[in-house]
Structures are given as C-alpha cells and as structure tokens.
Amino acid sequence: MQGDGARLQIWLKRDQVGPERYDEFKLYETGDFMWARGVLIRTKKGELSVDVSDFGFLSKAYRPLPDKWAGLHDVETRYRQRYLDLLVNPQSRELAVTRSRVVASLRDLLNERGYLEVETPILQPIYGGAHARPFTTTHHAYGQNLYLRISFELYLKRLIIGGLDRVYEIGRDFRNEGVSKKHNPEFSMLEVYQAYADYRDMMDLMEALVSETATRVLGGTQVERDGETIELAPPWPRRSMAELIEENTGINIELAADLESLRAATDEAGVEGVEPGDVPSWALLVDDVFSKAVEPTLVQPCFVVDYPLDLSPLAKKSAENPQLVERFEAFIGGMEIANAFSELNDPDDQRERFLAQAEAGRLGDAEAHPIDEEFLRALEYGMPPTGGLGLGIGRLTMIVTGASHLREVKIFPHLRPRDD
RNA sequence: GCGGCCUUAGCUCAGUGGUAGAGCAGCGGGCUUUUAACCCGUCGGUCGUCGGUUCGACCCCGACAGGCCGCACCA
C-alpha cells in the first residue's frame, strides 16, 4: 500500500480473514484505494508489515497506472497528467514538496522580520512595474478592459505610501512571452518593500532569504548545479554592469555611450547572439549584450549593480552618477534570481521617466512602461525612501533543487492545448 | 514566431517497402510468497492526423498537430 509518499506492506492471510473476504480482496487492483487494520509486525525478512485483521474497499481506479518499474518518462504525459508523474516518480513528488518548503521558508523569514503579507490586484486597469507585454482581458459588468498583472510593484508601493512600512506579496505574475527553461507565461514572485531602506538593505535581505532558506530546506548553503558547487552563504560579491561587460567582451559602455557607437563596438567584438540592428535603444542593447555575454557566466551568487537609468524607470538615480540607478540584480547559476532598487519616490522624476518610456514605446519598444497617472497621484502624497526587492520563486527553487528546467519545479507548466 | 529532431499497445521500448513485436500493467486461473519482476493462460495497437508516391507503406515525400532542443521575446 502507498499513501502520502510512503509505502507499507500489508500481509493478508486467508485463515485469518476467512476465505470469503480473502476472495473479495483478490478483486482489488493496483491503484485502488483500501483501508486495512492490524498489528504492525516484521516479517522474517525484516519488512515492516501490517498483519491484517480487517480491511475494506474505499475507491476504484478505472485506468491502469504507468508501469511501476519503468516509471513514467514521457515528458508530455508527465506535464499534462502531472498527477501520474507525482504518483509514480518519487523525485517529482520531492520537487513539489521542496518548492512548498521554499515558499514556506520565505514567508516565515519575512514574518519573523516583521513584514506584513498582503494581496494586491491581479486584474489591473494599467499594468506596470516591469518591462513586459501583458495578457489582456475584459470585465463585462463594468465594460472594462483589464490586464493581468506583470508585477505587483505599483500596488505595493501604494501600501508604502499608505504607511504600511514593511509589506510583501507572494503570488503570480503573467507575462505574454515565450516559454523556456527559465520562463513560463505565469510565474511566482515574491516582492518585498521596506520604508526607510535602500537597495543595499535589500542586498542584505536577499542574502539572508536565500542562504537561510537553503539552510532550512536543505540543511546547508551549498548546492550542486551542472556538476559545480554553488556556495549561497553571504557575502555575495557586488560587481558593476559596465565592469562585467568590459571583462567579458572588451566593450566599454561608458565610451560607447550612444546606440550607434555601441552597435559598432558590439559588431566589432562579435558578441555571440546579439543580432545586428534589432534593438531600438542604447539601453536595450546594453541589456542584450549583458544577458548574452555576462549572465551565463554568473554561476556563483553575484549582485550586479550600476544599471543604466533608461533600463530602470522605477528606480532612484544614483547619487554619484545620475545616468545610473541604485539597483541590483542577483544572479545565481547563470540566471537572474532577483531584481531590486532604491525606489524612485520623487513624483516629478517619475513622471519624466514615464514620459521617456512613452517615447521608447513610440520608437518600437513593445514592452515600454505605460504612464500610470493614478500611481503618480499616489506618489504626490509623499513616499518615504524605500527599498524594494522582487525574487523569482521558481528560479530560486531551481537553484535549491538543482533542477535544470523551470517546468520541473512548476507543477503544471504551460503547454499548448491538445485537441484529441 | 523561426529552425532542427521526435511521435509504434495503459507504461517503458524494439522493428521491417509486403499490411506489427517484447517486458511490465490489465484480464482468467494457480501459489500465501516477498523486497521491481512467482507460475500457467489471455486480451490488447486503423504504428500522431490528413494527403501523396508505390502493385503495396508504420517504414519514402508533403502538410498539419503536439512534444523536446536551440533561437527570438524575457524574470
């Protein structure tokens, strides 16, 4: 018998239960549900077993289970009928359990530190908080066009404005994009906002959340990935984006400070994967070069800092260099795990950034941030200096479990519909 | 969205230009036993779909669908 992931042998003897009941038992099939009562014993071979005195039928399995020895390998069936995968493949069950423990750990750690868990709208009249294309839908009763949120950011900031000084939300974001080993159109995020804090505080929080979660879930801070050991214990190094790009490509983005010269430098350096002439702005090309040439190399935990202003319309400008913002992205295993900044709390500056985004949109950036007047109005009531952090839960779970595909840690990954 | 590869029984997989096989599961019976797999018997597939080539296709060609990998988009 199997239940809740554990297996236990039952031992049914004809002379103990009687021939009629014994024959009844023989009608039971693999996959059926039954109950049994009896004394726990060890057989001659030492197998823990229930010496059954009474038993009964609970429910029927009409369809046969996948082969218990060969298992279920067909990936399509594993994802489309995840219940079979969970039933038959212990490692799939283990991943589901680990993911749940990762989420529980994040929630516990934040609660312990006095953060308040909140829920904000998934259906939003204006999307925002990230560089992405949204899903759209309609509310019939109000004749209202709505977007499925691409981030929680602008609503959580409203709560900071409302005086809830430490808030977080764990939930789902929706981005109308492709699927890959690191991407799914709906994915789980943690976003945290803390008043009177900045992005450096968010680094400390990030290090604590990840290393402590690994300790709670795995018992240690080292994880294996593609044969390499990753050490999650803090401190993590802080590297500037420009420095990392120069190190990996030889391109100095401070010298190549406009789209044409950066394009020329990129073509000359022959950065693999960067397509000629398909990016509408300098900032997006910087981002492209970074993600192609640098990101895969960031296997050990690393905070990348000093992001260009144009890539970060919701982040506060750096005090030292107004072309940069107080922002970091945390990378582990060659993946972006988190994004954080000192939040932009100046409504005038925020308006300028929105206008710049609108211009980027006109120039062909389909993911440019729309202007959100309601959010600007909220900012005008005054927002304290605030640090914010967004952390990808699926990706963090990939790191903790060593999984190589997001869909392995996502119980029901996105697939095309099947018409049979 | 683009390119490459894949799709044979419930599951895991063989296979050949002449109209398909194994193991497990299932079903019928036997055995009260073990550590995936006991014994005997038995059922089971219009070989993803639709077209084409051919005397004949599961096998060759094309389209379509789904999946995987890569690219693009991106967290």
Side-chain angles (χ1 to χ4, degrees), chain A residues 7-17 19 22-23 25-32 42-49 51-52 61-81 84-85 87-89 129-134 150-153 172-191 272-275 278-279 284 287-288 290-292 295 311 329-340 364-367 389-396 398 404-407 410 413-420:
Chain A
R7 299 170 73 98
L8 180 63
Q9 176 168 276
I10 60 169
W11 187 18
L12 212 79
K13 287 169 289 189
R14 185 188 319 214
D15 54 0
Q16 184 160 329
V17 299
Y22 187 75
D23 287 344
F25 173 73
K26 285 167 64 185
L27 295 174
Y28 296 5
E29 296 174 347
T30 307
D32 286 352
R42 280 201 186 274
T43 62
K44 290 187 282 284
K45 301 267 182 126
E47 174 83 5
L48 196 62
S49 303
D51 186 2
V52 175
Y62 277 178
R63 294 180 187 263
L65 292 173
D67 183 75
K68 66 176 173 183
W69 177 244
L72 177 66
H73 294 302
D74 180 73
V75 287
E76 189 172 358
T77 307
R78 287 186 50 227
Y79 302 142
R80 287 195 195 277
Q81 296 178 272
L84 294 178
D85 185 37
L87 220 39
V88 179
N89 294 326
H131 197 74
R133 290 158 69 187
I150 60 172
S151 87
F152 323 152
E153 175 152 356
R172 214 73 63 83
D173 277 337
F174 307 86
R175 298 187 185 175
N176 212 332
E177 291 157 359
V179 177
S180 81
K181 58 172 68 175
K182 299 188 286 189
H183 298 90
N184 197 69
E186 59 177 285
F187 63 102
S188 296
M189 277 279 281
L190 162 68
E191 285 196 32
E272 200 172 336
V274 175
E275 298 297 321
D278 62 345
V279 169
L284 289 176
D287 198 38
D288 200 20
F290 180 85
S291 63
K292 298 294 185 335
E295 187 170 325
L311 277 180
E329 288 189 330
F331 291 84
I332 308 174
M335 284 189 297
E336 182 192 337
I337 302 296
N339 181 23
D365 181 357
E367 283 131 13
L389 170 71
L391 186 161
I393 286 176
R395 290 185 179 180
L396 177 60
M398 286 172 70
S404 56
H405 294 78
L406 189 58
R407 58 172 189 259
K410 184 157 196 63
H414 183 73
L415 297 173
R416 284 191 167 84
R418 240 167 93 144
D419 57 352
D420 60 9

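Only a predicted model underlies this, so the values are computations on that prediction, with no experimental measurement involved. Quick note on labels: first sequence line is chain A, next is B, and so on, each numbered from 1.
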Handout entry: Spacing of the C1' atoms in B/G15 and B/A20 (rounded, Å)
Key = 8 Å

Exercise for the section: Taking atom C1' in both B/G62 and B/G10, compute the distance separating them and give it to the nearest angstrom. Expected result: 32 Å

Fill in the blank from the handout: Checking N1-N3 plus N6-O4 or O6-N4 for Watson-Crick, or N1-O2 and O6-N3 for wobble, each under 3.5 Å, the partner of B/C13 is B/G21

Exercise for the section: For nucleotides B/C61 and B/U7, find the distance between their P atoms and express it as a whole number of Å. Expected result: 13 Å

Completion exercise
Re B/G62: Watson-Crick or G-U wobble partner, both distances kept under 3.5 Å, found to be B/C50

Problem - Pairwise P distance for B/C43 and B/A22, with rounding to whole Å - result: 11 Å

Problem - Between B/A9 and B/G51 - C1' atom distance, rounded Å - result: 26 Å

Handout entry: Base partner of B/A37, which must satisfy Watson-Crick or wobble distances under 3.5 Å
Key = none

Practice task
Just call it for A/Gly392: base, sugar-phosphate, or nothing, with non-hydrogen atoms closer than 4.0 Å on any strand.
Solution key: nothing

Exercise for the section: Check whether any side-chain N or O of A/Arg175 sits under 3.5 Å from a backbone N or O of A/Ile150 as a donor-acceptor pair, and report yes or no. Expected result: yes

Practice task
Assign A/Glu329 to base, sugar-phosphate, or nothing according to its heavy-atom contacts below 4.0 angstrom with the strands shown.
Solution key: nothing

Handout entry: Comparing A/Arg80 and A/Val179 on RNA chain B - which has the more 5′ nearest nucleotide
Key = A/Arg80

Exercise for the section: Considering only atom P, compute the distance from B/C5 to B/C60 and round it to an integer number of Å. Expected result: 12 Å

Handout entry: Separation of the C1' atoms in B/U16 and B/C11, to the nearest angstrom
Key = 24 Å

Completion exercise
Atom CG of A/Leu406 and atom P of B/C68 are separated, to the nearest Å, by 13 Å

Problem - B/U7 base / A/Glu76 side chain donor-acceptor hit below 3.5 Å - result: no

Completion exercise
When both distances are under 3.5 Å in a Watson-Crick or G-U wobble arrangement, the nucleotide paired with B/C2 is B/G70

Exercise for the section: Please work out if A/Asn89 contacts a base, only the sugar-phosphate, or nothing of the nucleic acid, heavy-atom cut-off 4.0 Å. Expected result: nothing

Exercise for the section: Provide, to the nearest angstrom, the distance between the CG atom belonging to A/Leu84 and the P atom belonging to B/C11. Expected result: 9 Å

Practice task
Report the distance from atom CD1 of A/Ile10 to atom P of B/U34, rounded to the nearest whole Å.
Solution key: 16 Å

Exercise for the section: Could you tell me the separation between the CZ atom of A/Arg78 and the P atom of B/G10, rounded to a whole number of Å? Expected result: 20 Å

Handout entry: Whole-angstrom distance between B/U49 and B/U12, as gauged at atom C1'
Key = 24 Å

Fill in the blank from the handout: With the side chain defined as heavy atoms from C-beta on, A/Arg407 is closest, among B/C13, B/C68, B/C11, to B/C68

Practice task
Classify the nucleic acid contact of A/Asp173 as base, sugar-phosphate or nothing, counting any heavy atom under 4.0 Å across all strands shown.
Solution key: nothing

Exercise for the section: Indicate, with a heavy-atom threshold strictly under 4.0 Å, whether A/Leu415 touches base, sugar-phosphate, or nothing. Expected result: sugar-phosphate

Exercise for the section: For A/Arg63, answer base if it contacts any base atom (sugar-phosphate contacts may also be present), sugar-phosphate if it contacts only those atoms, and nothing otherwise; contact means non-hydrogen atoms under 4.0 Å. Expected result: nothing

